[in-house]
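Worksheet for the structure shown next.
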Amino acid sequence: MSAVALSARGLQKSFGSLAVARDINIDLPVGARYALIGPNGAGKTTLINLMTGLLTPNAGQITLGGEDVTALRPQARVKRGLARTFQINTLFAGLNPLEAVTLAVCERRGIADRFWQNIAGNKDAIEEAYGILARLKLGDACYQTTRELPYGRQRLLEIALALATKPKVLLLDEPAAGVPVEESGEIFEVVASLSDELTLLFIEHDMHVVFRFATHIIVLVGGAIFTQGSPAEIAADPGVREVYLGTRKHG
Amino acid sequence: MTTLDASRALTPQAYMQGLSRWQPIEIIFWLATLLPFWLFPTYLSLASQIAITALFALSLDLILGYAGIVSLGHAAFFGFGAYSAGIFSKFAWSEPISGLIAAALLTGLLGYASSFIISRFRHLTLIMITLGLGLLLKEAANSAHWLTGGSDGLQGVSIAPVFGLFKFDLYGRTAYGYSLGVLFIVFLFARRLINSPFGLALRGIRENFVRMPAIGADSRAHIRKVYTISAIVAGIAGALLAQTTQTVALEVLSFERSADVVVMLVLGGAGRLYGGLIGAAVYMIARDQFSGIAPQYWYFWIGALLVMVVTLLPNGILGGLSKLLKRWSRR
Amino acid sequence: MLPPVFGVLFDGIAYGMLLFLLSVGMSVTLGLMNFVNLAHCAFAMFGAYVTVVLMKDFHWNFFATLPMAFAASALVSVVIERILYRRLYRATDLDQVLLTIGLAFMSVAIAAWFFGTTQQPIAVPSYMRGSIGFLGLNLGIYRLFLVAVGIAVTVLLVLTLEHTRFGAQVRAAVDNQRMARGIGIDVDRTFAITFALGSGLAGLGGALAIEIVGLDPQFALVYLVYVLIIVSVGGLGSIAGSFAAACLIGVSDIAGKYYVPQLGSFLIYLVMVAVLMWRPAGLFGRR
Ligand SMILES: Nc1ncnc2c1ncn2[C@@H]1O[C@H](COP(=O)(O)OP(=O)(O)OP(=O)(O)O)[C@@H](O)[C@H]1O
Ligand SMILES: [Mg+2]
C-alpha cells in the first residue's frame with residue numbers, strides 16, 4: 001500500500017434535515033485513478049465541496065498529504081496541491097482561455113498581486129499557460145472569449161484551470177457532463193494522459209468510461225458509501241446494479 | 001477577419017503585449033484634452049471640474065468596473081480627500097503638491113481600514129455597507145463643525161502657486177492644467193494596473209467570484225488592495241477639488257455625488273479604462289448645457305438614461321461604440 | 001407615572017410601524033427573487049399621492065382613501081414588473097440597482113411635475129388629532145392608530161404565510177427556490193403576487209406616513225434609505241426580521257433626534273453598520 005495523498009475521516013454534512021454525507025471515509029493513494037459513482041443526488045458533488053473546503057463539514061476530518069486541512073480555506077488547500085473542476089462550468093466567461101489560465105498560473109506563482117508590472121513581462125507564466133492549453137488542444141482557441149467557446153472546449157478549459165495550479169490531487173466532477181458521447185472520449189483521453197504522479201478522483205455516470213479508466217470504484221448512495229472495490233468487483237456486485245436500476249429503495 | 005488571422009500567428013506573449021500597447025486613438029484623446037486651453041478659454045473652470053470628476057470616476061472604475069464591487073458610498077473617499085487637503089492647507093502649509101500627497105495618504109489609510117469591512121460582504125449587503133459608511137462619514141463631518149465648518153463649508157483654504165510658479169487664477173487656467181496633469185499621471189498608473197497580473201486577477205473576481213478560490217486566489221486580499229488604491233485615487237480627486245476651488249462644501253460627501261459617479265461610469269462604460277473619463281465628460285457637459293432646468297427635472301432625464309442604458313446599451317457608450325465598430329468592420 | 005423615555009419609545013415604535021409597512025414588501029421580494037428594487041419607495045409615494053388627490057380633489061374621507069392607495073400601488077407595481085423587471089431577474093446586482101434607481105429618479109421628477117416640490121398637507125379626521133393621557137404620557141391618537149395598523153398587518157401577514165396554501169408556496173420559494181420549482185411551484189407567479197402585495201403595503205404605508213413625515217417628491221429617495229437599512233438589518237425575506245428592525249431603527253432614529261439632535265441621523269447608520277458587522281445576513285437572515 002503506497003502513501004495516502006488525500007483522506008477523509010468520518011465526514012458528516014446535512015442541509016437542514018437532509019443528510020448528504022454520512023460518516024464518509026475515503027483514502028486516495030498517491031497516483032490513484034479512482035471513480036466516484038452513484039445515482040443523482042447521492043451527494044457526490046457535496047463530497048468534493050467538503051474535501052475542497054467550499055462547504056464546511058458538520059463533523060469529520062480531511063488530511064492532504066498527511067496534513068490536517070479541515071480548517072483551511074479553499075484557496076489554502078489549492079496552494080497545498082488540491083484542485084478540482086466543476087460539474088457545471090464555473091469559468092471566467094469574459095476572459096479568454098489564455099488570460100484565464102495565465103491568471104491561475106500567476107496565482108500559483110504568487111505574483112498575482114503585482115499591480116506595477118505589465119503582465120506581458122511575465123513571459124514564463126504566459127508560456128506555461130499556453131503550454132497547458134496546447135496540451136489540452138486548446139491552443140488555437142486561446143484568444144477566443146470563453147463565453148463564445150463551444151461547450152466541449154469549455155469542459156476542457158475547466159481541466160486546464162485546475163492543472164494550472166499544479167495539483168498533487170485532482171478531483172474531477174463529471175468532466176464530460178453534458179458533452180455528447182462522441183466527444184466525451186476526447187475529454188477522457190486527456191484525463192488518461194495526465195501524469196502518473198497525479199492522484200485522481202473523478203465522478204462519472206457512464207459505466208463504460210468508469211470501467212475503462214478507473215482502477216478502483218467508490219459507490220455513494222444516499223450520502224453514504226454503499227460499497228467500493230475494483231471494477232471487476234463492482235461489476236459483479238448485484239447490489240450496485242439494483243441501485244442504478246432503481247429497484248432498491250433508498251433516500 | 002483580418003485581425004483574427006493575424007492574432008493566430010502571434011505568440012501568446014506578443015498577444016499579451018498587444019493588449020497593453022498604446023492605440024493611436026488614445027494619443028489623439030489625450031492631445032484633445034489640451035484643446036480647451038485654446039478653443040474654450042472661458043470654459044477652463046468647467047474643464048477642470050470635468051478632469052476632477054473623471055479622476056473620481058476612474059477610481060470607481062477600478063473597483064466597480066474591474067473587480068465588480070458595487071459601491072453607493074464612494075463619495076466618502078472623495079470627500080475625505082477634499083477635507084484632508086483643505087484642512088491641511090489651513091493648519092499646515094499651502095503648497096499644493098505636498099497637500100495632495102498628504103490627502104492621498106490619509107484617504108488611503110481610511111480606505112485600507114474600511115477595506116477590511118467591505119471585503120467581507122457581497123451583493124446587497126455590500127451595497128448597504130458602502131452606503132451606510134458613506135452616510136456615516138457625512139453625518140460625522142456635519143457634526144464636527146469645529147474642524148470642517150459643518151454645513152457652512154470649510155472656509156479659509158488658500159493654496160500657494162503650483163511649483164511656486166502658477167497661481168490659481170479666476171479663469172481656471174492653472175486649475176485645469178494642474179487637474180489634467182494629475183489625472184494623466186494617475187491614469188498612467190491605472191493603465192499599468194489594469195494590464196498587470198493584479199488587473200487580471202481583478203477581472204477574474206468580476207467574472208467569477210466562485211472560481212477564484214478554486215485556482216488558489218485569495219479574493220479578499222485582492223479586494224482589500226484594490227479598494228485601498230481606489231480610495232487613494234478618489235481622495236486625490238477630492239483633494240484636487242478642494243485645492244482648485246479653495247473651499248470644501250459638505251456636498252462632497254453626499255449620496256448624490258456617490259450616485260452621480262456611478263451613473264457617469266455606467267454611462268461611459270464600466271470596466272473600460274476610458275469609460276469613466278468619457279462618462280464624466282458627457283455628464284458634466286450635459287449638466288452644464290441644461291443648467292437652466294430645475295434639478296428635479298434633470299434627474300428625470302438621468303433616470304430615463306439609466307433605464308435606457310440598462311435595457312438597450314448594457315456596456316455604456318464605449319461598449320455600444322465598440323459593438324458598432326465590430327459590426328462595421330465585419331462587413 | 002412613567003418617565004418621558006417611554007414617550008420617546010412609543011413615538012419610536014409608532015414611527016417603526018410606518019417603516020415596517022414601507023419595507024416589508026421589499027424584504028420579501030428580495031428574499032424571493034434576490035431582486036434589488038430601489039424603486040420600492042416610489043410605489044409608496046404613489047400611494048401617498050393617490051390619497052392626497054382623493055382627499056383634496058374628490059373630498060374623500062381619509063380612511064376611504066387607504067384601500068385605494070393600497071390597490072393603486074399594487075396595480076402600478078404589477079404593470080412595471082411585467083414590462084421592466086421581469087427581464088432583469090437574472091441580471092447582475094448593478095443592472096438591477098441602475099434600472100430601479102433610474103425609475104426612482106423619474107418618479108421624483110414626475111411627482112414634482114404634477115404636484116410641485118412643496119409639502120402636501122392633508123387633514124386627517126379631527127378625532128385622530130388629539131392625544132390621550134396614559135400614566136402621565138401623552139400618546140397621540142394617530143400614533144396609536146399606526147401601532148394598531150402595524151400590528152394588525154403583521155398578524156395578517158404571519159397568518160397568511162403560516163396558514164394558507166399561497167403562504168406555504170412563498171415560504172418554500174424563499175427557502176430554496178430550486179427545490180420549490182422542482183416540486184411544481186410556479187415561482188414566477190408567486191413572486192408577481194407577492195410583489196404586488198408588498199408594493200400595496202408600501203402604498204398604504206406612504207398614505208399613512210403623510211400625517212407624520214409629510215409628503216414631497218423626495219419621499220421616494222429619502223425613505224428608500226430607511227427601507228434599505230431595515231431590510232438589510234432585518235435579514236432578507238423575513239417578516240419578523242423586518243418588524244424587529246423597523247422598531248429598532250424607528251426607536252433609534254426618534255431617540256437620537258430627541259436626545260442628541262446634533263448627531264442627526266448618525267445613530268441609525270451606526271446601528272446598521274454595527275448590526276451588519278455582527279451579523280452580515282441581518283438579525284433574522286440565514287444566508
Ligand atoms: N446548497 C444546498 N442546499 C440544500 N440542499 C443541497 C445543496 N446542495 C446540494 N443539496 C442537496 O444535496 C443532495 C446531494 O447533492 P449533490 O449535488 O451532492 O448530488 P450529486 O451526487 O452530485 O448528484 P448529481 O449526480 O445530480 O450531480 C441533493 O439532494 C441536493 O438537492
Ligand atoms: Mg453532482
Side-chain angles (χ1 to χ4, degrees), chain A residues 52-54 73-80 83-86 90-96 98-127 129-131 133-134 139-140 142-144 146-147 158 161-162 164-166, chain B residues 3-21 62 65-68 188-226 228-230 232 271 315 319:
Chain A
T52 52
L54 245 57
R73 289 180 300 166
Q75 60 266 33
R77 300 186 199 197
V78 174
K79 288 252 149 76
R80 284 166 176 72
R84 55 97 46 100
T85 65
F86 291 82
T90 306
L91 300 167
F92 303 107
L95 305 185
N96 64 36
L98 182 65
E99 289 170 323
V101 177
T102 304
L103 168 59
V105 171
C106 288
E107 288 287 358
R108 193 197 75 233
R109 297 182 170 210
I111 56 172
D113 55 355
R114 299 197 175 162
F115 57 82
W116 57 89
Q117 220 173 47
N118 191 333
I119 187 138
N122 294 289
K123 194 158 179 266
D124 293 355
I126 297 170
E127 275 173 2
Y130 184 77
L133 288 166
D140 55 339
C142 74
Y143 305 133
Q144 219 176 329
T146 301
R147 169 181 306 121
E158 271 284 338
L161 281 175
T165 68
K166 277 214 176 137
Chain B
T3 52
L4 251 183
D5 290 338
S7 72
R8 202 155 280 165
L10 281 178
T11 67
Q13 198 214 356
Y15 169 82
M16 288 285 201
Q17 197 95 56
L19 291 183
S20 57
R21 189 165 299 131
L62 290 179
Y66 285 96
L188 289 182
F189 167 80
R191 196 176 184 284
R192 169 47 68 88
L193 185 149
I194 291 316
N195 291 314
S196 73
F198 183 63
L200 189 56
L202 294 183
R203 286 163 64 205
I205 293 173
R206 178 189 69 194
E207 293 293 330
N208 198 331
F209 189 77
V210 178
R211 184 76 199 215
M212 286 301 277
I215 58 170
D218 189 348
S219 299
R220 280 189 188 177
H222 290 326
I223 288 175
R224 283 200 297 273
K225 193 172 245 175
V226 72
T228 307
I229 292 173
S230 167
I232 292 175
N315 295 311

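In the text below, chain A, chain B and the rest are named by the order of the sequence lines, each starting its count at 1.
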Side chain, backbone, both or neither of [X] within contact of chain B (heavy atoms, under 4.5 Å):
X	answer
Ala104(A)	both
Arg80(A)	neither
Asn122(A)	side chain
Arg109(A)	neither
Asp124(A)	neither
Glu99(A)	both
Ala112(A)	both

Can any side-chain N or O of [X] pair as donor or acceptor with the backbone N or O of [Y] at less than 3.5 Å?
X	Y	value
Arg211(B)	Thr90(A)	yes
Lys123(A)	Gln13(B)	no
Glu207(B)	Gly94(A)	yes

So how far is it from [X] [atom1] to [Y] [atom2], rounded to the nearest 0.5 Å?
X	Y	atom1	atom2	value
Asn118(A)	Met16(B)	CG	CE	10.0 Å
His222(B)	Asp113(A)	NE2	CG	6.5 Å
Asn208(B)	Leu161(A)	CG	CG	9.5 Å
Gln75(A)	Asp218(B)	CD	CG	4.5 Å
Thr11(B)	Glu127(A)	OG1	CD	7.5 Å
Cys142(A)	Tyr15(B)	SG	OH	8.0 Å

* So, for Pro12(B) and Ile126(A), which heavy atoms are closest and what is the spacing to 0.1 Å? ->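 Closest approach of Pro12(B) to Ile126(A): CB-CG2, 3.7 Å.
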
* Measure across Thr165(A) and Ala214(B) and return the closest heavy-atom pair with its distance rounded to 0.1 Å. =>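 Heavy atoms of Thr165(A) and Ala214(B) come nearest at CG2-O, 4.2 Å.
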
* To do: I would like to know whether Arg192(B) and Gln117(A) meet side chain to side chain contact (heavy atoms under 4.5 Å, CB included); could you show each step before the answer?
  => CA-CA 7 Å; Arg192(B) 169 47 68 88; Gln117(A) 220 173 47; 5.6 Å; no

* To do: For each of Thr52(A), Val105(A), Leu91(A), Ile111(A), tally heavy-atom pairs with chain B at distances under 4.5 Å, and name the one with the top tally.
  =>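 Counting heavy-atom pairs under 4.5 Å, the top option is Leu91(A).
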
* Asked: What residue in Thr85(A), Leu54(A), Ile119(A) has the most heavy-atom pairs under 4.5 Å with chain B?
  ->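 Most pairs with chain B among the choices: Ile119(A).
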
* side chain to side chain contact (heavy atoms under 4.5 Å, CB included) partner of Phe115(A), chosen from Ile229(B), Asn195(B), Leu202(B) ->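 For Phe115(A), the side chain to side chain contact (heavy atoms under 4.5 Å, CB included) test succeeds with only one of Ile229(B), Asn195(B), Leu202(B), which is Ile229(B).
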
* To do: Begin from the C-alpha positions of Ile215(B) and Phe92(A) and carry the test side chain to side chain contact (heavy atoms under 4.5 Å, CB included) through to its verdict.
  => CA-CA 11 Å; Ile215(B) 58 170; Phe92(A) 303 107; 3.9 Å; yes

